[in-house]
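Predicted model only: the values in this text are computed from it and were never measured. Chain identifiers are assigned alphabetically (A, B, ...) following the order of the sequence lines, protein sequences preceding nucleic acid strands; residue numbering begins at 1 within each chain.
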Number of protein chains: 2
Amino acid sequence: MSSNPDLRFAAAKHEELATEKGARTRAHILDTALRLFHERGWRETTMRAVATEAGVSLGNAYYYFSSKESLIQAIYARSHEEHADASADVLANETAFGERLRGVMRAKLDTLAPYHRFAAVLFSTAADPASPLNPWSEASAAVRREATALFGRVLHESDARVPKILESELPELLWTYHMGIILFWIHDRSPGCAASYRLAERTVELIARLVAVSRLPPLRPLIRALLAVMDEVRGAAPQSAPA
Amino acid sequence: MSSNPDLRFAAAKHEELATEKGARTRAHILDTALRLFHERGWRETTMRAVATEAGVSLGNAYYYFSSKESLIQAIYARSHEEHADASADVLANETAFGERLRGVMRAKLDTLAPYHRFAAVLFSTAADPASPLNPWSEASAAVRREATALFGRVLHESDARVPKILESELPELLWTYHMGIILFWIHDRSPGCAASYRLAERTVELIARLVAVSRLPPLRPLIRALLAVMDEVRGAAPQSAPA
DNA sequence: GTCTATAACCGGATAGAC
DNA sequence: GTCTATCCGGTTATAGAC
């Protein structure tokens, strides 16, 4: 995993290939940034403040993180790992499809919680097709693949029986769904993001039901049409990230 | 419409209440900005360049547009009006639901075309919950309502027969769908955005079919669950826009 | 080569005079 | 309503230390 240059560019460059001290400096800057983002928010935290608080010069901070955004990229990768860890338990012990999905979605919201304060910026820069943070960008391909695989495990090691044509596509559909929940969560101002948890519960149930009825004959052509659309979407828009 | 302060704040303030000259200056700055965004892109166009090209000082440009983003807001409102105009024809003459929806979606893509070059920024800032450009924000409420009403006309003046419980909610679902198409379009790099048109065609057909089968008894509980989720989503996340 | 620092550049935004 | 002058913060150039 950490050998993947897309996902782990900075880590590979500094934590593996470079010196011990460099790795520690980098980690320290990242931790400091994370703390300041929590305390003050994203816009309110200047790179100068991050550098000062971390006890390094501004130029040095930029040596490790090429931009303020790239700090987010590092946080993004960290969050994904936390989610995978938090999902391990349900994935190992549950067999019911609905329960597995519910557990993974809960784990997602749980692990995201500490980032809620500045998640808006994370997502909004991620929405820019030109940004490497964009989920469809090359830079994000590795994380996206891994996350999709996670949803693949939700499905394939479960008791669910779905039509063959749908089976291979469903993980990606589930990943897209989970992005939708995140979008909602970003806007969620309810205490403890309770609304997001509730929404996840309901939609998980809805999806479980949809999966259950997916074998009904009259729905077959609809599913086929849906998959055709997905192919279409996947085929287009593979832009790289221009500077 | 222009009496609505949310949608038309700047316009109301300057085009209606202020002087002739001020209105002309404002329009000229906006036109200049639009041209420069086309020619150079968003990031590459500086406020200084806009001011210089428009023949005004930097401070003066900021007198009319409180931020670089607020230029986009003005463009956003303009685009919506263009869409409504371009949709008038199909809405007046077509009766088949699928055809009406197809026409309105085509009109959307047609009218959006000139903005494709810098649409990414438009959308990415719009994804920020704190941004007034956000479709769910108070500032956008008026445009959203109008756009939803447009999709209401697509449905209600058509020949489609849908279950009662769905009838009142479908317009908002269609609006959400149309946002999804826009998201795709933003990423679309195919010549003339042909992929987006194709996707719209396919999804319109898919939706028409879904609407047609929506009366199947076994789907009734699913629809009910879907509507419950929509209620949930609507209830939450009504954040205002902090500075 | 790896790391750190200082000084400067650039552009968004604001203050305040006219 | 318009300007000039200035601030502020992201980013870069570059020089040197280890």
Any side-chain N or O of A:Y63 under 4.0 Å from OP1/OP2 of C:dC3?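 For C:dC3, OP1/OP2 do have a side-chain N/O of A:Y63 under 4.0 Å.
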Could you tell me whether the phosphate oxygens of D:dG1, OP1 or OP2, come under 4.0 Å of any side-chain nitrogen or oxygen in B:N60?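 For D:dG1, OP1/OP2 do not have a side-chain N/O of B:N60 under 4.0 Å.
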Residues which pass salt bridge (charged side-chain N to carboxylate O under 4.0 Å, His left out) with B:R48, listed by chain and number, not counting sequence neighbours: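 Applying salt bridge (charged side-chain N to carboxylate O under 4.0 Å, His left out) to B:R48 gives none.
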Expressed as a whole number of angstroms, how long is the span from A:E44:CD to D:dG10:C1'?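 Checked: the CD to C1' distance equals 15 Å.
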Report the distance from atom CZ of A:F65 to atom P of D:dT12, rounded to the nearest whole Å.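 Going from A:F65 (CZ) to D:dT12 (P), I get 16 Å.
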Name each donor-acceptor pair under 3.5 Å that joins a side chain in residues 173-183 of chain A to protein atoms two or more places apart or in another chain, with its distance.
{"from": "A:T176", "atom 1": "OG1", "to": "A:E172", "atom 2": "O", "distance (Å)": "2.9"}
{"from": "A:Y177", "atom 1": "OH", "to": "A:T203", "atom 2": "OG1", "distance (Å)": "2.7"}
{"from": "A:H178", "atom 1": "ND1", "to": "A:W175", "atom 2": "O", "distance (Å)": "2.8"}

Sugar-phosphate means primed atoms, P, OP1 and OP2; the rest is base. With that split, encode nucleotides 11-18 of chain C 5' to 3' as B, S or - using protein heavy atoms under 4.0 Å. BBBB----
Start with the C-alpha gap between A:K21 and A:R26, add the side-chain angles, then the distance that decides, and say whether side chain to side chain contact (heavy atoms under 4.5 Å, CB included) holds. CA-CA 9 Å; A:K21 195 179 75 173; A:R26 182 178 189 276; over 6 Å; no
By side chain to side chain contact (heavy atoms under 4.5 Å, CB included) - contacts of B:E201 (at least two apart):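 Applying side chain to side chain contact (heavy atoms under 4.5 Å, CB included) to B:E201 gives B:R102, B:R106.
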From the list C:dT2, D:dG1, C:dT4, which nucleotide is the closest neighbour of the side chain of A:T19?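 Looking only at side-chain atoms, A:T19 lies closest to C:dT2.
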With sequence neighbours excluded, give me every salt bridge (Lys or Arg N to Asp or Glu O under 4.0 Å) pair touching residues 112-121 of chain A.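 For residues 112-121 of chain A, and leaving out neighbouring residues, there are no salt bridge (Lys or Arg N to Asp or Glu O under 4.0 Å) pairs at all.
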Distance-only donor-acceptor pairs under 3.5 Å for side chains of residues 28-37 of chain B, two or more places apart:
{"from": "B:H28", "atom 1": "ND1", "to": "B:A54", "atom 2": "O", "distance (Å)": "3.3"}
{"from": "B:D31", "atom 1": "OD1", "to": "B:R78", "atom 2": "NH2", "distance (Å)": "3.4"}
{"from": "B:T32", "atom 1": "OG1", "to": "B:H28", "atom 2": "O", "distance (Å)": "2.7"}
{"from": "B:R35", "atom 1": "NH1", "to": "B:E39", "atom 2": "OE2", "distance (Å)": "3.3"}
{"from": "B:R35", "atom 1": "NH2", "to": "B:E53", "atom 2": "OE1", "distance (Å)": "2.9"}

